[in-house]
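Below: one structure, written as structure tokens.
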Amino acid sequence: MNRFMPQLEQLVTCGLLTFFCLAGATAHSESYTSPETIDGTHKIQAEGLIELVNRNENQIIIDSRIGSDRKLGYIAGSTSLPDTETSCESLARLIPEKSDPVIFYCNGPSCRRSDNAVGVAVDCGYTEVYWFRGGIEAWKANNYPIQK
Amino acid sequence: MNAHRRIKPGISDKISLTVIAVGALGLILVYYTSIYYRNIAYEHYQRTIQILAAIEIEEIVDDLKSDAADLAQTIEQQPGLLQHLADKNRQALTQLLDNQFYQYFVTANIIDLSKLYVFDADFEFIAASNEGINTGASTRLICPAFSQQASLRTGADRLQLVSGTCDHDERPQFVLISSLGGLKPIGYIQIVADLTSSLQHLESALGMPVRVQLQNGEISYQSKDWAEIPGDKNHLPVVYNLGTYSNENSVKIYLLADMTQFNQRVISHRNWVMALATMAVAATVILILYILQSSTITPLSRIHKILSRLSQYGITQEKETRVLFSQLLENIITLQQNRKQRFAVMILDLVNFEAVNQRLGHDAGTQLLGHVGDRLSATLRGSDTVSWTGTDTPGHKLLPVDTKTEYRATLARLGGDEFGMLLPTVETGQQAIAVAGRIIDSLDSEYTVNDQQVTLRCRLGISLYPDHGQEAEELIRNADKAMFEARQSAGKYCIYNAKQL
């Protein structure tokens, strides 16, 4: 009996480790949800986005996702600027004035990229930051066309 | 006598037949229940397949939608399209649509296109592809309801994709309308694709033969291994009605579910149940026969033997009859143990028989005993208290049919001047006294033996089962004691009373 104990112990340890690793990974990937509101930004829906595009001649829409996500489809007229590359400098290249309205979106409420990007934009002093929290998920759900 | 014997089944035959009949009924029930449940299962199966078909069709339409949306986007991105749209250049647009039609359908066969249309922002028709279904005038739209509804939208809703199915010339079509020009649409494209050719994907999706029939009876698709045989229980036909926006019964989709395995399972289960039921019936028959044999038939047949032997011996051979009488009692007690039936035992003593025997001689004595026997038999036969051996009692029915029971048999000579009587239906002391009275009355009148008048004095002792004894010998002994008591008290009969004696 004793002969098998160390092996058993190893097995149990290994199993537990695997379990915690998996559980941790799952918890990490599924637990994130964007806050309902972010200070200094206006939260908008898909209809709000279309309304802004129709109202403002040169409405800027920033897609904060990475390239591989964008390839699966994006909102027409949006510019790609992943959150990792979002800074006061990169924003300044796209947005002429700090008071220009700018819309940020990513995959949806479980994707934190647009959260990060609007945070940077607010910190950089942009006053008209619109946050499309629902992102491409809400866009598709509402039957709006996507571009590839 | 034998010529009149009728052949009738005995009780054991009747019970066995009953059990077998019930068993056969059970088997028939199992058989038909299995058919009934299989039909119910088939109904559920049909509904399940219909639901599956609906899900698969939804997926097929979703795929069509996705392919059509891709095509819309490709067309939108064609160089010059937006300019031609702004210019309402019908010729250029038609050429562009034909080009895409050809590439998507004829070359790549991604989508079975029927027609392509382009509208301006107010849903005024601009151009249509020449390729596709010939609709006569190019302005005659396929499924116009969609563009009409789409034109009524306002604001952001005008950007939304519109899709659905409808019938055109009795063929179901898939329609998708998408905006052109990004988030500020300057026109719309309507893509129309044939739905029926996509429906053949059901064959691989559901893994069963498919047959697609249009409302006009045309079979637009039929699987190679389609083989519908009427009455074939191994192939379950399922019909799914596919409706479109304009026609509720646009397409009939026939599916054939392979039920071979299911049927094999049902039949093997049914056969097992039937085999078990048969074994259960056989076991029940054997058990019932065994119980009958040990509890009723055996004691009854013994009683029958004893009775017939008693009748053979008559009343003159006392030695044998005493033993038989005791055995008879024992067997009847065995038989009665489970019933609550009571009976009486009587011992009759001819007080002055010995004297008569000595006075008139042995032959006369024997003759006299014959008379006594006859009178007793006549009395007992005339009395309903001995009807236990008659034909209307349950006990007798259990005996073989040719059993002929003589009432005399319940009368046995136990000693020189002593007779034993078994009265099976005498249950109370009062009844016993009544019978005793009749017996004494019948024996009291004079006998004529060898031209001489003889009078016999007799005494009766009575014991009742189970009050006065649980065993044969005890009952005889106690009846004997009662008889002795009667003799002592100069009465003619006496019922055994433990306290007195």
Side-chain angles (χ1 to χ4, degrees), chain A residues 42-65 67 69-81 94-95 100-108 114 128 130-148, chain B residues 58 61-79 81-82 85 100 104 108 110-111 116 118-119 121-123 146-147 149-150 152-165 174-191:
Chain A
H42 308 284
K43 193 169 89 171
I44 54 164
Q45 314 286 337
E47 289 72 26
L49 186 147
I50 294 162
E51 204 181 298
L52 279 170
V53 171
N54 279 296
R55 198 198 306 156
N56 304 319
E57 192 58 37
N58 296 310
Q59 177 64 51
I60 296 156
I61 307 168
I62 290 174
D63 184 348
S64 301
R65 299 172 302 165
D69 276 353
R70 187 173 164 84
K71 268 184 193 163
L72 299 174
Y74 57 89
I75 296 171
S78 62
T79 309
S80 176
L81 179 65
L94 294 169
I95 314 160
D100 283 345
V102 54
I103 303 168
F104 290 89
Y105 77 90
C106 67
N107 277 336
S114 58
E128 286 287 292
Y130 291 91
W131 180 40
F132 179 25
R133 182 175 178 268
I136 209 78
E137 210 173 88
W139 187 256
K140 275 188 194 167
N142 281 302
N143 238 344
Y144 290 116
I146 54 163
Q147 297 214 318
K148 282 180 188 172
Chain B
E58 206 172 299
V61 171
D62 272 352
D63 285 349
L64 263 177
K65 186 181 170 184
S66 164
D67 288 341
D70 277 353
L71 171 61
Q73 219 206 313
T74 308
I75 291 172
E76 188 183 20
Q77 285 163 0
Q78 291 305 303
L81 175 107
L82 293 176
L85 189 59
Q100 286 305 312
Y104 250 75
I110 293 169
I111 185 166
L116 296 173
V118 169
F119 304 96
D122 298 319
F123 275 95
F146 288 94
S147 51
Q149 281 206 337
L152 300 174
R153 301 174 302 171
T154 54
D157 289 353
R158 290 174 74 89
L159 266 176
Q160 282 173 330
L161 294 168
V162 173
S163 65
T165 54
F174 170 81
V175 176
L176 177 115
I177 295 172
S178 178
S179 59
L180 295 171
L183 300 185
K184 292 179 189 172
I186 56 166
Y188 293 90
I189 180 157
Q190 177 171 334
I191 293 163

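By convention in this document, chain letters (A, B, ...) are assigned in the order of the sequence lines, proteins followed by strands, and residues within each chain are numbered from 1.
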Side-chain (Arg153(B)) to main-chain (Gln160(B)) donor-acceptor, under 3.5 angstrom:
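Judged by distance alone, yes, a pair lies under 3.5 Å.
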By a 4.5 Å heavy-atom criterion (distance strictly below it), what part of Ile75(A) contacts chain B: side chain, backbone, both, or neither?
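It is the side chain, since no backbone atom gets that close.
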Stepwise side chain to side chain donor-acceptor pair (under 3.5 Å) check, Tyr105(A) with Glu137(A)
CA-CA 10 Å; Tyr105(A) 77 90; Glu137(A) 210 173 88; over 6 Å; no
Looking at chain B, which one of Ile146(A), Asn143(A), Ile61(A) has the largest number of heavy-atom pairs inside 4.5 Å, strictly under?
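Ranked by heavy-atom pairs under 4.5 Å with chain B, first place is Asn143(A).
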Salt bridge (Lys or Arg N to Asp or Glu O under 4.0 Å) with Lys140(A): which residues, sequence neighbours excluded?
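If we apply the salt bridge (Lys or Arg N to Asp or Glu O under 4.0 Å) test to Lys140(A), skipping adjacent residues, there are no hits.
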Who pairs with Glu51(A) by salt bridge (Lys or Arg N to Asp or Glu O under 4.0 Å), at least two apart in sequence or on another chain?
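Salt bridge (Lys or Arg N to Asp or Glu O under 4.0 Å) check on Glu51(A) returns Arg55(A).
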What part of Asp157(B) gets closer than 4.5 Å to chain A, counting heavy atoms only: side chain, backbone, both or neither?
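When you check distances to chain A, atoms from both the backbone and side chain of Asp157(B) fall under 4.5 Å.
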